[in-house]
Structures are given as structure tokens and as C-alpha cells.
Amino acid sequence: MSISFLGNQPIHRVGFGAMQLAGPNSFGPPADPEAAKAVLRHAVEHGVDHIDTAQFYGPDVVNDLIREALFPYPEGLRLATKVGAVRDDHGAWLPSGEPAGLKRQVEQNLRSLRVERLDLVNLRRFERDMPNGTEPPLADQLDALAELRDEGKIHMIGVSNAHADTVRAAIDRTGIVAVQNAYSILNRTDDAILRLCREHAIAFVPYFPLGSALGSGGPKHLAADPRVSAVARKHDVTPTQVALAWLFAQYERMLLIPGTSSIAHLNENLAAGALTLDGEDLALLDAVEPVPLGS
Ligand SMILES: NC(=O)c1ccc[n+]([C@@H]2O[C@H](COP(=O)([O-])OP(=O)(O)OC[C@H]3O[C@@H](n4cnc5c(N)ncnc54)[C@H](OP(=O)(O)O)[C@@H]3O)[C@@H](O)[C@H]2O)c1
């Protein structure tokens, strides 16, 4: 499996996004928890060394599945989580970014994952979801996480759902190692953020790398795109594998966390790490039409 870097740590480029393992809308338990754990075990047995999770997936459900499936964790497995949000009783996602709340959420993740140190904690910002809302000052949030880093409870810090100014400020203040924003061949709105990551040699870990499960689902749109299909036929691979290989071609520190609850899909996603697109493919794929999220 091909290797990149998270901070100065070597890491496989194909990781695993665990959000799909909870119930619908990442709320409540999955229909078959044993099947969800089998997906996690299969991922790790086949070389995944980076799992993206959050206490607010479920809530609690996904971290519990990870611990039950994988503890004691194999050497070298990186667990990345997010703080800055909570769920209400109906599953709505609510901001919870006060420094004390962030620290509490880190402790919850440490407890439920049963680790002494989290490998990567992403500060989940709400500046894009609620542009007119108020959010605690970024500096206070980052300082709270940096204190936990100093105490040894966090190894590395990243930001998520962040504007370019936030990424720049976080690089300057805290030395972040990763940005987790939505990005895929179907949604390149954050090209400027990707450029910023390249400039500073920090990892870009796009969420929704296949265009998400929302609406009719990104994979359906990928299969319907004639350019993606043409490249898939040429290499005898699937449209989703083309979408993942396209992401790899954008940046050597692009780390992927495609989400799936299916072992067959997981195998496909892992195999995409071996697919290299040529200049002709990339030129054709440049013209793929964006698809609005949720359509
Ligand atoms: N920071 C944030 O705010 C944020 C937000 C959202 C997500 N995330 C993280 O990012 C990860 C990835 O995002 P995501 O899971 O929402 O979206 P995604 O990876 O773009 O797409 C997931 C969808 O694709 C399907 N799929 C996966 N592999 C496939 C394959 N090989 N062929 C066909 N369909 C396939 C899945 O269905 P099946 O289960 O049927 O395979 C699911 O419907 C999440 O798991 C989560 O860890 C972070």
C-alpha cells in the first residue's frame, strides 16, 4: 500500500472513515453491529493504519464499535477523532466548541477508545455551517487542544470544516498537521485549501471523498459521469476507484478515509491505492461536472 505522511509519521494513503458504521445519519446503532466490527477488523487486517471517527458518531456508537472490534490496538494504528460538536436527542448536529467542552470531548474520546493519547484531534469548526453564528475564538479553541497536546493526551492537531483564514491562523498558532474539509472529484470548492496544504506540507484528508452518502449518493453520480466511466473502463476498475485515484493524483499528502459499511466496497477502496492515472486520464477528469451535495 502506498505511503504518505501525517506530520512526520509515515502512514498508508488509504485509511477508513468510520462514520458509516453507525445507524442512518450516523445516529444510533447499526442494524448489525457484528457486521460493522467485521468491517473494522478487515480494514486493519488489510493494511489500514488510519481510522477516522468521532464521539458524536452515534453518539458513542462508533467509538464503542472500534474499541470492541480492535482493542488492544495493533502497533501503528492511528485513531483520528474530531471535537467541537454534539448531537441532540433527535440526532441534530450542534456546535459545542467552548474550550472546556473541547477538553471534555477529548476526555470522552480517550475513555471510549480506551487510549492514553489520541493520534490526531481535528477541531470541527462551524464557521461554514453557521456563517452568521457566533463561535468561540479560534485561538482559545486551539490553545485548549495545545494544552492537551502538552499533557500528552493528543499527539497531533488538525482543523475541519475550516476557511482558508482559519487554516492559516491554525498553522501559525498551533502547528496543525492536517485539514479535513469536504473535497472530491465531484466537489472541488476547496481547491484553495488544498493549495494551502501543499504550500505548508500538511496533510489534506478530504471527507466525502466519494461525494458522500447524501441524496442519491456520490457513487451513483460517479458511475453516471461519462468521463469517470471512460477512465474506469480503460483501467478495468470501478468509477469509485477512479475518484479515489484522482484524489491521490492531486497531492502526495492526500490521505483518504472513504466510508463504507461493506467489506466488498472496502476491498475496492483499498485496491484504489494501486491505481495510477496518467496525464490523459487527468485531463479528461478535469472536466467532470461538479454535483451539489445532497443531490
Ligand atoms: N469532518 C467532518 O465534518 C466530516 C463530515 C462527514 C464525514 N467525515 C468523515 O469522512 C469519512 C468519509 O465520508 P463519508 O463516509 O460520509 O462519505 P464518502 O466516503 O464520500 O461516501 C460514503 C458513501 O459511499 C459508499 N461507498 C463507499 N465505498 C464504495 C464503493 N467502493 N463503491 C460504491 N459505494 C461506496 C458508502 O456506502 P456503503 O456503506 O454501501 O459502501 C456510502 O454511501 C466519514 O466516514 C467520516 O469519518 C467527516
Side-chain angles (χ1 to χ4, degrees), residues 14-27 30-32 35-36 38-40 42-43 48 50-58 61-63 65-66 78-85 87 93-95 97 109 120-130 158-162 166 178-187 190 193 204-224 228 232 237-247 254-273 275 291 293-294:
V14 187
F16 179 75
M19 188 177 88
Q20 303 298 337
L21 297 181
N25 184 33
S26 198
F27 191 58
D32 185 348
V39 171
L40 286 162
H42 188 90
V48 165
H50 171 200
I51 296 179
D52 182 80
T53 184
Q55 189 72 29
F56 49 73
Y57 292 159
V61 171
V62 171
N63 278 5
L65 288 169
I66 291 172
R78 260 58 63 91
L79 296 174
T81 192
K82 296 162 221 81
V83 292
R87 310 295 290 277
W93 307 78
L94 305 176
N109 277 281
L120 173 65
V121 174
N122 286 306
L123 171 63
R124 204 290 187 195
R125 293 279 293 176
F126 275 82
E127 58 204 37
R128 292 179 149 183
D129 313 67
M130 306 164 65
V159 291
S160 178
N161 294 73
T166 298
V179 175
Q180 188 177 116
N181 279 13
Y183 190 76
S184 73
I185 195 168
L186 300 173
N187 167 18
D190 271 349
I193 305 270
F204 190 56
V205 190
Y207 73 80
F208 296 159
L210 294 172
S212 90
L214 303 173
S216 46
K220 214 168 191 170
H221 291 291
L222 292 167
V228 176
V237 297
T238 65
T240 50
Q241 289 176 312
V242 170
L244 297 178
W246 178 86
L247 282 166
M254 182 80 78
L255 304 179
L256 298 191
I257 49 164
T260 182
S261 52
S262 138
I263 287 188
H265 287 168
L266 172 60
N267 285 336
E268 241 181 75
N269 300 342
L270 291 170
L275 172 63
V291 172
L293 199 60

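Ligands are counted one by one from 1 in listed order, and the atoms in each one are counted from 1 as well.
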Subject >> Side chain proximity check, Leu244 to Leu210, heavy atoms < 4.5 angstrom >> reply: yes
**OP:** Could you check atom 20 (O) of ligand 1 against the protein and tell me its nearest heavy-atom contact, residue, atom and distance included?
**Re:** Leu210 N, 2.7 Å
Original post:
Does at least one non-hydrogen atom of Gly218 fall below 4.0 angstrom from an atom of ligand 1?
Top reply: no
**OP:** Quick one: look at Ser261 and ligand 1, take heavy-atom pairs under 4.0 Å, and tell me if it's side chain, backbone, both or neither.
**Re:** both
Subject >> Atom indices of ligand 1 within 4.0 angstrom of Ile257 heavy atoms, with elements >> reply: 9 (C), 10 (O), 11 (C), 12 (C)
**OP:** Compute the shortest N/O to N/O distance between Glu268 and ligand 1 and return yes if it is under 3.5 Å, no if not.
**Re:** yes
**OP:** Could you pull out the closest heavy-atom pair between Ala162 and Thr166, with the gap in Å?
**Re:** CB-CG2, 3.8 Å
Original post:
When you look at His42 and Phe16, which way does the side-chain contact (heavy atoms from CB on, under 4.5 Å) test go after all the steps?
Top reply: CA-CA 11 Å; His42 188 90; Phe16 179 75; over 6 Å; no
Subject >> Smallest separation among heavy atoms of Asn181 and Ser160, with atom names >> reply: OD1-C, 3.6 Å
Subject >> Shortest protein contact, atom 25 (C) of ligand 1 (heavy atom only) >> reply: Pro219 CG, 3.7 Å
Original post:
What is the minimum heavy-atom distance between Ala178 and Leu120, and which atoms define it?
Top reply: CB-CD2, 4.3 Å
Original post:
Quick one: does ligand 1 sit under 4.0 Å from the side chain of Asn269, the backbone, both or neither, non-hydrogen atoms only?
Top reply: side chain
**OP:** Starting at CG of Asn269, measure out to OG1 of Thr238 and round the result to the nearest 0.5 Å.
**Re:** 7.5 Å
Subject >> Which atom of His50 lies closest to which atom of Ala80, heavy atoms considered >> reply: NE2-CB, 4.0 Å
Original post:
Counting from 1, what ligand 1 atoms have a heavy atom of Ala18 closer than 4.0 Å?
Top reply: 45 (O), 47 (O)
**OP:** Please determine which of Asp52, Thr53, Asn122, Ile66 meets the side chain to side chain contact (heavy atoms under 4.5 Å, CB included) test together with Thr81.
**Re:** Thr53
**OP:** Provide the number and element of each atom of ligand 1 under 4.0 Å from a heavy atom of Pro209.
**Re:** 12 (C), 13 (O), 18 (P), 19 (O), 20 (O)
Original post:
atom 42 (C) of ligand 1: which protein heavy atom is closest, and how many Å away?
Top reply: Ala213 CB, 3.7 Å
Original post:
For atom 35 (C) of ligand 1, what is the nearest protein heavy atom, given as residue, atom name and distance?
Top reply: His265 ND1, 3.5 Å
**OP:** Report the nearest protein non-hydrogen atom to atom 14 (P) of ligand 1: residue, atom name, distance rounded to 0.1 Å.
**Re:** Gln20 NE2, 3.4 Å
Original post:
Looking at Gly211 and Leu293, what are the two nearest heavy atoms and their distance?
Top reply: O-CD1, 4.0 Å
Subject >> Atoms of ligand 1, numbered as shown, that sit under 4.0 Å from any heavy atom of Lys82 >> reply: 1 (N), 48 (C)
Original post:
Is the shortest distance from a heavy atom of Tyr57 to ligand 1 less than 4.0 Å?
Top reply: yes
Subject >> Under 3.5 Å: N/O of Ser262 near N/O of ligand 1 >> reply: no
Subject >> Residue Thr240 vicinity, atoms of ligand 1 by number, heavy atom under 4.0 Å >> reply: 30 (C), 31 (N), 32 (N), 33 (C)
**OP:** Measure the distance from atom 22 (C) of ligand 1 to every protein heavy atom, then report the residue, atom name and distance (to 0.1 Å) of the closest one.
**Re:** Gly259 O, 3.3 Å
Original post:
Which protein non-hydrogen atom lies closest to atom 47 (O) of ligand 1, naming both residue and atom, and how far is it?
Top reply: Asp52 OD2, 2.6 Å
**OP:** Evaluate the side-chain proximity of Asn267 to Ile263: yes if any heavy-atom separation is below 4.5 Å, no if none is.
**Re:** yes
**OP:** Enumerate the atoms of ligand 1 whose separation from the nearest heavy atom of Pro258 is less than 4.0 angstrom.
**Re:** 19 (O)
Subject >> Distance-minimising heavy-atom pair for Thr260 and Val39 >> reply: O-CG1, 3.9 Å
**OP:** Mind checking the CD-OH spacing from Gln180 to Tyr207? Nearest 0.5 Å is all I need.
**Re:** 8.0 Å
**OP:** Under the side-chain contact (heavy atoms from CB on, under 4.5 Å) rule, what do Glu268 and Ser262 come out as? Steps first, then yes or no, please.
**Re:** CA-CA 10 Å; Glu268 241 181 75; Ser262 138; over 6 Å; no
Subject >> Asn161 and ligand 1 - part of the residue with a heavy-atom distance under 4.0 Å >> reply: side chain
Subject >> Nearest neighbour in protein (non-hydrogen) for atom 5 (C) of ligand 1 >> reply: Tyr207 CD1, 3.2 Å
